[in-house]
Amino acid sequence: MNSSFWDPAQALQDAFVLGDDMGVNPCISPSTTFAYYDAEDMTRVFSGQKPLKQKSGYLYTRHTNPTVCRLGSLIAAMEDTEACAPVASGMAAITCALNQLVEKGDHVISSPCIYGGTYAYQKNLFEKHFGVTLDFADFTDLDEVNKKLVVSKTRLVYFETIANPVLAVASIPDIAQICKENGTVLVVDNTFSPLIVTPAQHGADIVVYSTTKFLSGSSIHVGGAICGSENFIDSLLNVRDGWVMLAGPTMDPFAAFDIAKDLESLPIRVKAHSTRAAIYANRLKDLGLEVHYPGLASHPHHVVLSNIGNPDYGFGGMIALDLGTEAKAKSFANRLHALKFGILAVSLGFSQTLFSCSGSSTSSEIPEDKQKAMGLSPGLLRLSIGYTGNMEIMWQRLEQALKEEDLIS
Ligand SMILES: *Cc1c(COP(=O)(O)O)cnc(C)c1O
């Protein structure tokens, strides 16, 4: 079944399985604990070995669960990594992955242009409680990354593929090269760009997700995932010192079942988000507005994303519109909501369009001067473009809101 090219949708397709009852959907396994025929086998499994007298080696659902593991195999397949551990939230994925990697005295380089919660964790908890030193770097500037790297001390490097919320894109292959030469682990948050970019194929060692967003797309489950080598995922689940096992952010099997179901439509959803976002971004730009969208030829990292992007998935569903002031952005957001262009709400990747003023909401953890430095204007409105309704009627509403707010004539 070798093919001449790789497509994450095909990898996902080939990882889907039937239920034990031959149902077209796999069975849900909601049990918290699992039976053994032989106490000796239980001891073997606790020490990381396979059981001898039975096929299944599940112990307890905080460690592993068949339904959660099945979701893990699907995400690992589409990310082209050996393994994946689904967890209870994106923040659990990020914190457990980072905590597992560092030791006291390690140096870490992160991007200031990241999800507000990740920034707050790294700045306010990680450094303080783990004895690491943290530096921020602009990952779109390779010289800066090279300068900040401390030979043999920099343990890990962290950034987002398409960075929240200004949509900057760093060259993963170039940074992976810098990391490899130094034995540094590269961790990438791919929440904004599932299927669009496969970071592991460009040298990322660990890929983390908030499955709450595009991956699920239904906005009914908070969840996360950590993808990487089998060794690394095993270490997270180790009963003695694994952060997922011991901090305990377990994904519920019912949520795992639903998210796995959502993955069936991920390829068509991502294409639909990208198609509509690209059309709107181009039109907004033609109206003379300041719009950040990596699919625009004028975006400073358009070529970088084109080079690492998988064919046919576009440039994502996220648009950032800079309206200058916080007051203008808020007033415009109110108008968009009232006209039913979308919903004034945080989060992203939902079927309907969601929007929020980043500086005063999801990035409010980042101090004002840092926001300014990363290009986050207080007038920035972040939109996750949905695919519901009629595209032209929705566009008319967007245009009407712009007119009513005197943002265009
Ligand atoms: C939402 C988000 C997170 C956090 O995920 P939760 O599921 O809310 O914990 C992390 N990174 C990015 C890029 C996000 O958008």
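These figures come from a predicted structure and were not determined experimentally.
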Item to check | Ion pair Glu127/Lys104, N-O distance below 4.0 Å | outcome: no
Would you find a donor on one side and an acceptor on the other, under 3.5 Å apart, between the side chain of [X] and the backbone of [Y]?
{"X": "Ser377", "Y": "Asp322", "answer": "no"}
{"X": "Glu144", "Y": "Asp138", "answer": "yes"}
{"X": "Asp106", "Y": "Val102", "answer": "no"}
{"X": "Arg397", "Y": "Phe341", "answer": "no"}
{"X": "Asp14", "Y": "Ala11", "answer": "no"}
{"X": "Thr32", "Y": "Thr61", "answer": "no"}
{"X": "His202", "Y": "Pro173", "answer": "no"}
{"X": "Glu82", "Y": "Ile233", "answer": "no"}
{"X": "Asn238", "Y": "Arg240", "answer": "yes"}

Next on the checklist: What verdict does the ring pair (Phe, Tyr, Trp, His ring centres under 6.0 Å) test give for His302 and Phe315, after you've listed the backbone C-alpha separation in whole Å, the side-chain angles of each residue and the deciding distance to 0.1 Å?
Outcome noted: CA-CA 9 Å; His302 174 69; Phe315 295 84; 5.0 Å; yes
Answer yes if the side chains of [X] and [Y] hold a donor-acceptor pair under 3.5 Å, and no otherwise.
{"X": "Asp189", "Y": "Thr118", "answer": "no"}
{"X": "Glu404", "Y": "Gln400", "answer": "yes"}
{"X": "Glu405", "Y": "Ser331", "answer": "yes"}
{"X": "Gln352", "Y": "Tyr387", "answer": "no"}
{"X": "Ser56", "Y": "Gln54", "answer": "no"}
{"X": "Tyr58", "Y": "Asn65", "answer": "no"}
{"X": "Ser193", "Y": "Asn190", "answer": "yes"}
{"X": "Thr133", "Y": "His107", "answer": "no"}
{"X": "Gln177", "Y": "Glu181", "answer": "yes"}
{"X": "Ser110", "Y": "Gln122", "answer": "yes"}

Item to check | side-chain hydrogen bond (donor to acceptor under 3.5 Å, both in side chains) between Ser229 and Asn231, worked out | outcome: CA-CA 5 Å; Ser229 69; Asn231 267 344; 5.4 Å; no
Is it true that, when you exclude [X] itself, more than 12 heavy atoms of the residues, nucleotides or ligands shown sit nearer than 6.0 Å to its [atom1]?
{"X": "Lys328", "atom1": "NZ", "result": "no"}
{"X": "Glu368", "atom1": "CD", "result": "no"}
{"X": "Lys271", "atom1": "NZ", "result": "yes"}
{"X": "Glu392", "atom1": "CD", "result": "yes"}

Item to check | Distance flag, aromatic centroids of Phe214 and His273, threshold under 6.0 Å | outcome: yes
Next on the checklist: Using ring centroids (six-membered ring only for Trp), state whether Phe136 and Tyr119 fall under 6.0 Å.
Outcome noted: yes
Next on the checklist: Let's go through Ile343 and Thr353 carefully: what are the C-alpha distance in whole Å and the side-chain angles of both, what is the deciding distance for side chain to side chain contact (heavy atoms under 4.5 Å, CB included) to 0.1 Å, and is it a yes or a no?
Outcome noted: CA-CA 6 Å; Ile343 304 170; Thr353 297; over 6 Å; no
Checklist entry - Only one of Asp80, Asp7, Asn310 clears side chain to side chain donor-acceptor pair (under 3.5 Å) with Thr198; which? => result Asn310
Checklist entry - Quick one: ring-ring contact (aromatic ring centres under 6.0 Å, His included) partners of His63, sequence neighbours excluded? => result none
Checklist entry - For Met391 and Tyr280, what are the C-alpha separation, side-chain angles and deciding distance, and is it a side chain to side chain contact (heavy atoms under 4.5 Å, CB included)? => result CA-CA 9 Å; Met391 189 186 75; Tyr280 287 177; 3.6 Å; yes
Checklist outcome for this item: Output for pair (Leu12 CG, Leu195 CG), nearest 0.5 Å, gives 7.0 Å
Checklist outcome for this item: Distance col, row Ser216:OG vs Phe350:CZ, nearest 0.5 angstrom, shows 9.5 Å
